[in-house]
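Worksheet for the structure shown next.
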Amino acid sequence: MAKPVNPNPGLFDEPADTPEAPQAPRVPNAAYETILSWDALDALLAKISTAELTALDTETNSLDEMRAELVGISFSVSVGEGAYIPLAHNYPDAPEQLPREEVLAKLKHWLENPAAKKLGQHIKYDRHVFANHGVEVQGYAHDTMLQSYVLEVHKPHGLSSLAERHLGRSGITFEDLCGKGVNQITINQVDIAKVSEYACEDTDQTLDVHGVLWPQIQLDAGLGFIYQLEIESSEALYRIERNGVLIDAPTLAAQSHALGVRILQLETEAHELAGQPFNLSSPKQIGEIFFTKLGLPVVKKTATGAPSTDEEVLEKLAEDFPLPAKILEHRGLAKLKGTYTDKLAQLALPRTGRVHTHYAQAVAVTGRLSSNDPNLQNIPIRTPEGRRVREAFVAGVGNVIASADYSQIELRIMAHISGDAALLGAFRDGLDVHKATAAEVFGVAVEQVTSEQRRYAKVINFGLIYGMSAYGLARNLGIDNQAAKNYIQRYFERYPGVKDYMDRTREEAKAKGYVQTVFGRRLYLPEIGSPNGQRRAGAERAAINAPMQGTAADLIKLSMVKVQQVLDAEQRGTRMIMQVHDELVFEVPEAEVDWLTIEIPRLMAGVADLKVPLLAEIGVGPNWDKAH
DNA sequence: TAAGTCACG
DNA sequence: ACGTACGTGACTTAT
């Protein structure tokens, strides 16, 4: 039977998949107020000044937080109520609004007062928006997005999802207001009454969601600790994003040009070898040329059954044929040019030449950050040509770049959690851990370990962190299954504590449906009980990896918070400018280099007292490449 | 919008 | 017998 058409989607939709969600009656709109006079603003200010906690939200003309301008501000101090101050609605015949800068001047004291406690959904964004108007908001105590991330990392964290899931409330959507696709308009072009309803609903629902989630967090000391860490990290991340990183555009342009010349040359050569023109960037067309026209052997297939042309396949085919090598080189260079050397300078702010990434704090299920627009966490380093991109990450006049990274952080965490005596001993003795592993697995003295054996041990150690199988290890080392099995068996004989940890973790995941980091972050594994063996096995591997990756994420967040706190307290000129999972990058006045090279590693190593020492190493140079 | 590929830790 | 290493984001092609 066909569902009846809903004339007003979003407003009256039933929550589809949350039978446990309570059904609250829709809030009467009468309690939502639009502020258009100074008297009304004064009354609002009086109200929020005495409130215990105020939900605060901005409406803007852009999702790009560095460029977004305020269109209006909404507030709620009790559930069911709300107030909206329209500031920059400029459609034809829009009512006269209070002047934006004067309103902000009036609100500035309250906004910047740390004692005036505030709540928001994704507060890092709003911090940027206010900062764009010269206001540095203080007193942000809560963020419902981060509450959800801490409590239910595997579920969506958008406000509308939270309101549906926890309150059974729905509301006006952004698309209802502004449309979508090419016809989408910005919120300043939308009727004030409609936006007021929408904006008040946002702060109202935020306060309402907070009332449900915050008590749940308070029930568990570990979750409370992690939540506080997330709140403090949010501010540190805001500072990093705001600082941005200086990009040397001419260097990138020169690299782009050189890459372009070589790419064209490779195209010509590839077309000649193929006997016809084709698009070297199209795996489909490569497949046709390789496997249909030239009759090359199919090495492996993709997820959808098509013959694969990925790097591994091309390497293999390049042993016997000339064309795959051309494509391989073309792929690499086109990736560098298209993703990095062409793009990074475009994303810099013209006035400052700095790029400002966005760190997503509630995306990665392990507790890690992710970085986007641009992603500064996947800048090349593994090949010499790629690594040159890092030469374009530079410091301003009188400054240098410093990079501090945790050494072997995940293996150290594995040693801590497992308590394995041999692994703990290796770290306590300051050994080269891969070499030590090789000595154990191959049964030779540490001094006798060959570079080949060390390389094997390194792959094994990585494999352990990823919850490897013999099959996976065999593929990675290019050895047969039985040999891989033997290595793993040998490893577990030498490091029985690690074996126990792996077994315990699988059991814990199955019993509880989640695993935890050292600091109490929970990582849910919905597929751990799946009847599908493949999915279940995947969840088991994730269960083994998550405590290590997640604890490492906790540690670097602790470091970011601590380091920023010290930089502020000592009024240093050093600025934190990037985070890359186990690495923090700084722009440092030359006069502070001596201080920083001692103090940052000390701070990073000191954020936690584990059964193994933490080690952070730091390098300094004129650019990010030379700082390693 | 999905698929394939590849950049990072 | 199965057939994958854990976690991300961006680009290009093709539908």
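Numbers restart at 1 for each chain; the letters A, B, ... are given by sequence-line order, proteins then strands.
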Exercise for review: Between dT4(C) and dG4(B), how far apart are the P atoms? Round to whole Å, please.
Suggested key: 13 Å
Practice item. Using the C1' atoms only, state how far dG3(C) lies from dA7(B), rounded to an integer number of Å. Key: 26 Å
Exercise for review: Tell me, please, the opening and closing nucleotides of DNA chain C, 5' to 3', among those with an atom under 4.0 angstrom from a non-hydrogen atom of chain A.
Suggested key: dG3(C) to dT15(C)
For [X] and [N], give me the distance from atom [atom1] to atom [atom2], rounded to whole Å.
| X | N | atom1 | atom2 | value |
| --- | --- | --- | --- | --- |
| R412(A) | dG9(B) | CZ | P | 18 Å |
| M578(A) | dC8(B) | CE | P | 14 Å |
| E311(A) | dG4(B) | CD | P | 17 Å |
| D310(A) | dA3(B) | CG | P | 17 Å |
| Q285(A) | dG4(B) | CD | P | 16 Å |
| R388(A) | dA7(B) | CZ | P | 17 Å |

Practice item. Look at S308(A) and dT5(B) and indicate whether a side-chain polar atom (N or O) is within less than 4.0 Å of OP1 or OP2. Key: yes
Review point. So F519(A) and F225(A), would you call those rings parallel, tilted or perpendicular, with 30° and 60° as cut-offs?
Key: parallel
Practice item. Check R388(A) against Q255(A) and note the closest heavy-atom contact, atom names and distance. Key: O-NE2, 3.1 Å
Base, sugar-phosphate, or nothing for [X], non-hydrogen atoms under 4.0 angstrom?
| X | answer |
| --- | --- |
| N476(A) | base |
| Q534(A) | sugar-phosphate |
| S469(A) | base |
| V313(A) | nothing |
| I465(A) | nothing |
| N375(A) | sugar-phosphate |

Would you check if there is a donor-acceptor pair between the side chains of [Y] and [X] at a distance under 3.5 Å?
| X | Y | result |
| --- | --- | --- |
| D176(A) | T173(A) | yes |
| Y406(A) | S559(A) | yes |
| E527(A) | H154(A) | no |

Practice item. May I ask you to check whether over 12 heavy atoms, not counting those of K293(A), lie within 6.0 Å of atom NZ? Key: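 Counting other residues, nucleotides and ligands, NZ of K293(A) exceeds 12 neighbours.
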Review point. For R504(A), does the CZ atom have more than 12 heavy-atom neighbours from other residues, nucleotides or ligands under 6.0 Å away?
Key: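 More than 12 within 6.0 Å, yes.
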Exercise for review: Answer yes or no: is there an ion pair linking R67(A) with D64(A), defined by an N-O contact shorter than 4.0 Å?
Suggested key: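 So R67(A) pairs with D64(A) through a salt bridge.
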Review point. Quick one: does L266(A)'s side chain get under 4.5 Å of L333(A)'s, heavy atoms only?
Key: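 Yes, close enough: below the 4.5 Å cut-off.
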Point to revise | Check against side-chain contact (heavy atoms from CB on, under 4.5 Å), V355(A) and L376(A) | key: CA-CA 10 Å; V355(A) 299; L376(A) 297 185; 4.2 Å; yes
Practice item. Could you identify which residues of residues 325-349 of chain A place a heavy atom less than 4.0 Å from some atom of DNA chain C, listed by residue number, or say none? Key: K335(A), G338(A), T339(A), K343(A)
Study note, to complete from the structure: Applying the Watson-Crick and G-U criteria (both distances under 3.5 angstrom) with [ ] for crossing and | for other-strand pairs, one obtains for DNA chain C .....|||||||||.
Point to revise | Intermediate values then yes/no, side-chain contact (heavy atoms from CB on, under 4.5 Å), F462(A) and K458(A) | key: CA-CA 6 Å; F462(A) 269 105; K458(A) 191 172 173 180; 4.0 Å; yes
Check your understanding: Can the ring centres of F442(A) and Y487(A) be said to be less than 6.0 Å apart?
Key -> yes
